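Only one structure is covered here, and it is reproduced in the block below.
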Amino acid sequence: MLKKIWTKVLFDQKRSLIFWNVGTLSMVFIILSMYPAVKDTGDGFNEMINALPEEMKALFYGGSNNADISSPAGWLNIELYGVMLPFILIIYGILNSANSIAGEESNGTLELLVTSPISRIQIAIEKYLVIILGMVIISSLYTLCLILFKNSFLMNDLQSSSLVTAGFEVFILALGYSSICFAMGAATGNKSLTLGLSFVITIGSYLWNGFYKFLPDFLYPINNLSLFKYYSALDSSATNVDFTELLIISCLSILVVAISISIFRNRDLKI
Amino acid sequence: MAVAIKIENLTKYYGKIKALSSVNLEVQSNAIYAFIGPNGAGKSTTIRILLGMLNPTEGSVTTLGKTPTQKNINVFNDIGYLPGELSMYQNLTGQELLKFFGNLKNVTDWTYVDSLVERLNCEPSKKIKTLSKGNKQKFGLVMAFMHKPKLLILDEPTSGLDPFMQQTTVELVKEAKNNGSTIFLSSHIFSEIDKVAETVGFIKEGELIVEDKLETLKSNALKSIQIEFNNNTPINLFDNLDNVQVLETGDNSIKINVTGSLDPVIKIISQFEITNIISEEPSIEDLFMNYYESN
């Protein structure tokens with residue numbers, strides 16, 4: 001496990017990755033198991049939800065139009081895909097991104113690493129890839145769990161492809177915010193600044209996406225900068241998913257990280 | 001003889017603060033160079049520029065003939081580094097730490113690593129976070145020496161070590177030199193520098209104030225000598241010598257400070273019957289304090 005930087009990072013994260021997965025899967029399983037009870041008594045909830053303003057629905061239900069709590073997709077949107085799963089994966093990604101370059105630079109361990117015969121580019125890329133790998137593992141496992149157990153909890157109508165698409169969307173959303181965090185850390189080397197700004201950006205863009213329609217029209221275009229705008233959560237028909245947008249977010253994430261690695265390669269280290 | 005480290009007109013600013021000012025320095029291959037200065041003088045900044053962690057504002061550095069940038073990353077195959085403030089992965093055991101860095105440094109002779117662990121009395125099965133400062137320092141030393149580098153840059157190598165391990169460290173440095181390595185050493189412990197250093201450089205407020213062979217510095221340094229005569233102390237004995245300062249004159253003895261050659265002093269006192277001469281060789285600490293105060 002300790003032959004390469006990426007295996008060492010995985011070695012460091014093995015325990016936390018297990019806990020993140022156990023926690024996420026437990027939550028998914030509990031939400032799944034509650035569905036049969038909600039299925040037949042969802043009308044009251046639906047009335048309450050439908051009475052909410054569209055902006056509030058967008059805030060809590062991931063922008064999806066599918067807010068029928070008695071349907072499998074509606075229930076999972078409200079309880080999982082609207083807020084919980086995106087934020088679980090984003091928090092995982094941000095914490096690990098802030099700890100990678102900026103964290104090692106802040107606590108001084110980067111000094112021995114960069115004086116080994118290994119380039120800063122390789123250090124950064126290996127660390128970034130492990131963060132992505134961790135997010136892939138978490139999103140794959142809960143998607144797999146949902147696919148395997150959905151029928152056991154009366155969600156036979158729900159297409160597995162929809163769950164895969166939604167899982168992919170959550171991953172891309174988390175990839176975007178994690179990449180911003182990683183880039184800030186690599187470019188500045190300041191962990192607390194990176195962590196603080198990343199959460200401000202994430203929560204700020206989430207709230208902006210929910211509330212921007214209350215604001216004057218000329219402020220609307222700012223919402224194009226919120227990655228939550230492009231997240232459509234779980235949709236039973238998957239027609240709302242724009243894969244071009246997801247591809248653009250992925251490419252921009254990689255571009256931002258590439259620029260930050262280039263800065264990291266040449267800048268003074270703050271050790 | 002090849003040059004292992006070459007620093008030319010090196011200047012470094014942190015914002016508006018000048019950390020180094022036109023430093024010029026050369027370390028010959030297979031030499032032991034001691035880089036001495038108080039805290040904040042610019043030692044660590046110089047070392048970090050030598051290792052490519054910081055970029056020079058002006059001037060240039062080469063280590064083992066190459067500029068230590070990301071373009072010449074292979075140069076780090078031949079450099080062993082011990083930081084002054086050692087930070088290691090707390091969650092690893094000593095053995096895991098050595099395995100990880102040994103792999104990064106392409107170590108092939110693990111028997112040598114084991115011998116270092118044994119000589120420095122390391123505790124490889126314990127987690128780094130449970131070790132004392134001195135025991136962590138031992139692992140830092142093993143990591144610096146483990147790949148038999150051509151150039152060792154050691155910042156406070158004996159910091160936190162007990163006297164036995166300090167002696168072992170001095171031995172390791174001497175062995176590395178005997179095996180052809182160059183050692184660039186920064187330390188506050190003058191006694192250990194005295195034991196190993198061949199050339200010293202004193203740095204003050206970012207400027208290299210003196211650099212020379214240790215022997216030369218010592219021979220040119222102020223020497224304190226007490227001469228005891230069989231009869232009364234002769235009067236005005238050293239009046240004609242500019243390099244002698246009389247400190248104290250007793251009935252049968254005289255205490256003087258001499259800078260430079262002792263030859264004229266010996267020639268003068270040889271005309272008298274001497275019962276004893278007490279001469280103290282200046283320590284490197286005396287040299288440092290003299291240069292530091294005079295600059």
Side-chain angles (χ1 to χ4, degrees), chain A residues 1-19 95-96 99-127 130 186-191 258 260-271, chain B residues 12-15 19 44-45 47-57 63 68-93 95-107 128 139-140 143-144 146-147 149 151-153 155:
Chain A
M1 282 298 279
L2 295 167
K3 292 207 167 181
K4 301 276 180 194
I5 289 175
W6 73 270
T7 52
K8 152 81 171 53
V9 180
L10 258 188
F11 177 84
D12 292 340
Q13 289 183 7
K14 64 180 188 297
R15 201 169 291 173
S16 84
L17 193 57
I18 289 169
F19 286 135
L95 290 179
N96 284 295
N99 273 328
S100 57
I101 303 286
E104 284 223 31
E105 196 164 345
S106 296
N107 67 28
T109 50
L110 194 65
E111 191 168 17
L112 286 173
L113 212 50
V114 296
T115 50
S116 299
I118 185 160
S119 73
R120 292 189 199 179
I121 291 178
Q122 191 179 342
I123 293 170
I125 288 175
E126 289 195 30
K127 283 176 171 285
V130 173
T188 66
N190 187 328
K191 183 185 171 184
S260 74
I261 290 176
S262 165
I263 295 169
F264 172 59
R265 181 179 187 260
N266 298 305
R267 72 172 167 85
D268 284 357
L269 297 185
K270 295 180 183 69
I271 293 173
Chain B
K12 178 68 184 175
Y13 279 91
Y14 292 114
S44 294
T45 299
I47 286 174
R48 284 171 182 161
I49 292 173
L50 282 175
L51 291 159
M53 284 187 269
L54 300 175
N55 299 304
T57 308
T63 44
T69 62
Q70 291 292 298
K71 286 178 188 165
N72 294 317
I73 204 72
N74 285 339
V75 77
F76 292 105
N77 274 314
D78 296 319
I79 298 176
Y81 171 51
L82 176 71
E85 287 176 30
L86 187 59
S87 297
M88 296 188 289
Y89 296 116
Q90 302 290 317
N91 60 325
L92 299 184
T93 64
Q95 191 160 15
E96 287 166 345
L97 188 80
L98 295 180
K99 268 270 179 271
F100 176 58
F101 279 102
N103 286 323
L104 291 188
K105 290 165 188 272
N106 307 311
V107 167
I128 295 297
F139 281 104
M143 286 192 284
M146 69 194 312
H147 53 306
L151 171 63
L152 276 156
I153 298 179
D155 195 354

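Treat the numbers as computed from the prediction; the structure is a model and nothing was measured. Quick note on labels: first sequence line is chain A, next is B, and so on, each numbered from 1.
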Inset, instruction - State the CG-NZ distance between B:Leu104 and A:Lys3, to the nearest 0.5 angstrom. - result: 12.0 Å
Legend entry - Spacing of OG belonging to A:Ser116 relative to NE2 belonging to B:His147, to within rounding of 0.5 Å: 7.5 Å
Inset, instruction - Let me know if A:Asn266 has heavy atoms under 4.5 Å from chain B in its side chain, its backbone, both or neither. - result: backbone
Legend entry - Pairwise distance NZ(A:Lys8) to CG(B:Asn91) - rounded to 0.5 angstrom: 5.5 Å
Legend entry - Which portion of B:Leu97 sits near chain A, non-hydrogen atoms under 4.5 angstrom: neither
Legend entry - Interchain contact, A:Lys270 with chain B, by part (heavy-atom threshold 4.5 Å): neither
Legend entry - Straight-line distance of B:Asn72 CG to A:Ser119 OG, nearest 0.5 Å: 12.5 Å
Inset, instruction - Spell out, as yes or no, whether a donor-acceptor pair under 3.5 Å connects the side chain of A:Glu111 to the backbone of B:Ser87. - result: no
Inset, instruction - List the steps, then state whether side chain to side chain contact (heavy atoms under 4.5 Å, CB included) holds for B:Lys71 with A:Arg265. - result: CA-CA 10 Å; B:Lys71 286 178 188 165; A:Arg265 181 179 187 260; 3.9 Å; yes
Inset, instruction - Evaluate the criterion side chain to side chain contact (heavy atoms under 4.5 Å, CB included) for residue pair B:Leu51 and A:Val114; output intermediate values, then yes/no. - result: CA-CA 9 Å; B:Leu51 291 159; A:Val114 296; over 6 Å; no
Legend entry - Under 4.5 Å from any heavy atom of chain A - which part of B:Asp78: neither
Inset, instruction - Please round to the nearest 0.5 Å and tell me the distance separating atom CZ of B:Phe100 and atom OG1 of A:Thr7. - result: 7.0 Å
Inset, instruction - With a 4.5 Å cut-off on heavy-atom pairs, point out which of A:Ile121, A:Leu269, A:Thr109 contacts chain B the most. - result: A:Thr109
Inset, instruction - Measure B:Gln90 against the heavy atoms of chain A and call it side chain, backbone, both or neither at under 4.5 Å. - result: neither
Legend entry - Spatial distance of atom CD1 (B:Ile73) from atom OG1 (A:Thr115) [nearest 0.5 Å]: 9.5 Å
Inset, instruction - For A:Glu105, enumerate each residue passing the side-chain hydrogen bond (donor to acceptor under 3.5 Å, both in side chains) test, keeping only those at least two apart in sequence or located in another chain. - result: A:Arg267
Legend entry - Side chain, backbone, both or neither of A:Ile5 within contact of chain B (heavy atoms, under 4.5 Å): both
Inset, instruction - Please say whether more than 12 non-hydrogen atoms of neighbouring residues, nucleotides or ligands are located less than 6.0 Å from CD in B:Gln95. - result: no
Legend entry - Contact class of B:Leu92 relative to chain A, heavy atoms under 4.5 angstrom: side chain
Legend entry - Under 4.5 Å from a heavy atom of chain A, the part of B:Asn55 involved: both
